Amino acid sequence: MSSRDEKIKIEHSKEHLVVKDNRLIQNVARRKYELSVLEQKVLGFIISMIKPPKDITDKPIYKYEFDVRLFCKVCGIDFNNGKNYANVKSALKRLADNSFWLDEGDSDLYFQLINTQRIYKRSGKVTITISDEVMPYLYNLQERFTAYELYQILALKSPYSIAMYELFKSNAFKKEIRIGIMDLKKYLSLEDKYSAYKDLKKRVIEPSIKEINTFTDLDILWEPYRQGRGYTAVIFHISKQRRWEGLDAYRRTMAEINGGYPG
C-alpha cells in the first residue's frame, strides 16, 4: 500500500461508525464490564469495521482482520513503540475475558465481546471472530441503538470519559438524565473508590466532562442533586455541539491524535 493510500485509509477509518445496541450501554445500575482506554478503543475499532447491509439479503460477516500498525495510526498511538504488539495482544485477551450475562427478558445470554482471535507475528495482522449470538447487538440495528464516528472517542484519555460519552450519546434525545451517585459509581466500576463526593467530582466527573466537551460532538452541563444533608445524584444536561463548536472539537481531536505519528 502506498503512503497516499495508507493516509486515505487511515482518515476513512476514523470516520467509520461505532454502532451498539443500547442494552450494551444503558445499564446504569450495574456496569457489566470494566475496560481500559486502550481496550475500549480496540473494541470501538473492531465494531467500526462492521458495515450495515447493502441489501436485505446480506448476511453479517463474523470474521474481521486489521493491522496493528494501522490501528495505532488511526488512534494516534506511537506505532514505532515496541510494546504495541504486546499491548494490543493484552487488550484482545481482556476483551475476550470480560464476559457477562445479558438479560434478554425470557433468557440470559452469556455475552463475550469477541470470540476468538489470532495475531500473526511477522505481519502484525490480527484476526478476530464475533459470535452469531453477539452479532445481533452490533449489526443491522433498527431501533434502540447508538451510533457515533470512531474519532469521537479517539482523543479521550480516561476510560470514564469514553463510558460516559456513550451513556450521554445514547440518552441525547432526553436532553437531561439524573443518575444516582452510587449507580454512577457502579456504572464506572468505582464501587470501592471515591467514597467522598468531592473526590468523585474532582477525579472523575469534572475531568471526564471536560474531555467530552473538548473533543466530542456533545456539550454537557451538570449539577449535583442534594437530598437532605448530602449529594445523592448528578443531573446531566445533554445537548449537541453547535456546528461551529463541533468543527472546533473535530479539529482539536485530529490535532491530538495526529500528533502520535508523522503526517
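Fair warning: this is a prediction, and the values are worked out from it, not measured in the lab.
Between the Asn258 side chain and the Met254 main chain, a donor and an acceptor come within less than 3.5 Å of each other. Not one N or O on the side chain of Lys63 forms a donor-acceptor pair closer than 3.5 Å with the backbone of Thr127. Not one N or O on the side chain of Asn84 forms a donor-acceptor pair closer than 3.5 Å with the backbone of Arg69. Using modelled atom types, no side-chain atom of Ser90 and backbone atom of Ala86 make a donor-acceptor pair closer than 3.5 Å.
Of all heavy-atom pairs spanning Arg23 and Leu102, the tightest one is O-CD1, 4.0 Å. Contact detail for Ser123 and Asp67: the closest heavy-atom pair is O-OD2, 4.0 Å. Considering every non-hydrogen atom in both Gln117 and Leu92, the closest pair reads OE1-O, 3.8 Å. Between Gln40 and Ala163, the shortest heavy-atom distance links the atoms OE1-N, 3.7 Å. Across all non-hydrogen atoms, the minimal contact from Lys51 to Tyr139 is O-CE1, 3.2 Å. Shown here for Ile130 and Tyr64, the closest heavy-atom pair between the two residues is CD1-CE1, 4.2 Å.
Residue pairs satisfying the salt bridge (Lys or Arg N to Asp or Glu O under 4.0 Å) criterion with at least one member in residues 218-247, sequence neighbours excluded, are listed as follows: Asp217-Lys240, Arg242-Glu245.
Separating the OG atom in Ser161 from the CD1 atom in Ile153 is a distance of 11.0 Å, to the nearest 0.5 Å. Once rounded to the nearest 0.5 Å, the distance linking CD of Glu6 with OG of Ser13 reads 10.0 Å. Here NZ of Lys198 is found 14.5 Å from CD1 of Ile205. Values are rounded to the nearest 0.5 Å. Summarising the geometry, atom CD belonging to Gln112 is positioned 11.0 Å from atom OG1 belonging to Thr129; distances are rounded to the nearest 0.5 Å. Atoms CG and CD, on Leu167 and Gln26 in that order, are 7.0 Å from each other to the nearest 0.5 Å. Note that CD1 of Ile238 is 5.0 Å distant from CD1 of Ile220, once rounded to the nearest 0.5 Å.
Residue Ile61 is grouped with residue Ile46 when hydrophobic side chains (ILVMFWY) are merged at heavy-atom distances under 4.5 angstrom, including chains of intermediate members. Side-chain heavy atoms closer than 4.5 Å link hydrophobic residues (I, L, V, M, F, W, Y) into clusters, and following such links, even through other members, never connects Ile8 to Leu70.
Checked against ring-ring contact (aromatic ring centres under 6.0 Å, His included), Tyr137 has the following partners two or more places apart in sequence or in another chain: Phe111. By the salt bridge (Lys or Arg N to Asp or Glu O under 4.0 Å) test, Lys89 is found to be paired with no residue, residues two or more places apart in sequence or in another chain being considered.
Taking a cutoff of 4.0 Å between a charged side-chain nitrogen and a carboxylate oxygen, Lys14 and Glu11 qualify as a salt bridge. A salt bridge does not link Arg94 with Asp97: none of the charged nitrogens is closer than 4.0 Å to a carboxylate oxygen.
Leu17 belongs to a hydrophobic cluster whose other members, connected by ILVMFWY side-chain contacts under 4.5 Å either directly or through intermediates, are Val19, Leu141, Phe145. Hydrophobic cluster membership for Tyr225: Ile235 (Ile, Leu, Val, Met, Phe, Trp, Tyr linked by side-chain heavy atoms under 4.5 Å, directly or transitively). The hydrophobic cluster around Trp244 extends to none of the other residues, as no ILVMFWY side-chain heavy atom falls under 4.5 Å of it.
Here the side chains of Leu43 and Lys20 are in contact, with some heavy-atom distance below 4.5 Å. A heavy-atom distance below 4.5 Å is found between the side chains of Asn140 and Gln142. The shortest side-chain heavy-atom distance between Leu24 and Leu113 does not fall under the 4.5 Å cut-off. Between Ile77 and Asn87, the closest side-chain pair of non-hydrogen atoms is not below 4.5 Å. Val234 places none of its side-chain heavy atoms less than 4.5 Å from the side chain of Leu200. Side chains of Ile128 and Leu95 form no contact here, defined as non-hydrogen atoms less than 4.5 Å apart. Counting heavy atoms from C-beta outward, Val74 and Leu154 have side chains that approach closer than 4.5 Å. Counting only heavy atoms from C-beta outward, the side chains of Lys121 and Tyr85 approach each other to under 4.5 Å.
None of Asp21, Thr146, Ile177 except one satisfies the side chain to side chain contact (heavy atoms under 4.5 Å, CB included) rule with Ser170; the exception is Thr146. Only one option out of Lys169, Lys174, Lys175 pairs with Asn171 in a side chain to side chain donor-acceptor pair (under 3.5 Å); it is Lys174.
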Worked verdict on Met164 versus Leu188 for side chain to side chain contact (heavy atoms under 4.5 Å, CB included) | CA-CA 8 Å; Met164 291 173 72; Leu188 299 174; 4.0 Å; yes

Please walk me through it: do Gln241 and Tyr250 pass side chain to side chain contact (heavy atoms under 4.5 Å, CB included)?
-> CA-CA 11 Å; Gln241 297 267 20; Tyr250 176 81; over 6 Å; no

Trace of the side chain to side chain contact (heavy atoms under 4.5 Å, CB included) decision for Tyr148 with Glu166 = CA-CA 9 Å; Tyr148 60 86; Glu166 287 193 342; 2.5 Å; yes

What's the verdict on side chain to side chain contact (heavy atoms under 4.5 Å, CB included) for Met135 and Ile50, showing C-alpha distance, side-chain angles and the deciding distance?
-> CA-CA 9 Å; Met135 188 59 79; Ile50 302 172; 4.2 Å; yes

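Aromatic ring orientation, Phe71 versus Phe45: perpendicular (interplanar angle above 60°, classes split at 30° and 60°). Using the six-membered ring where Trp is involved, Phe168 and Phe236 have ring planes that are tilted, between 30° and 60° apart.
The local environment of CZ in Arg252 is crowded, with over 12 non-hydrogen atoms from other residues, nucleotides or ligands closer than 6.0 Å.
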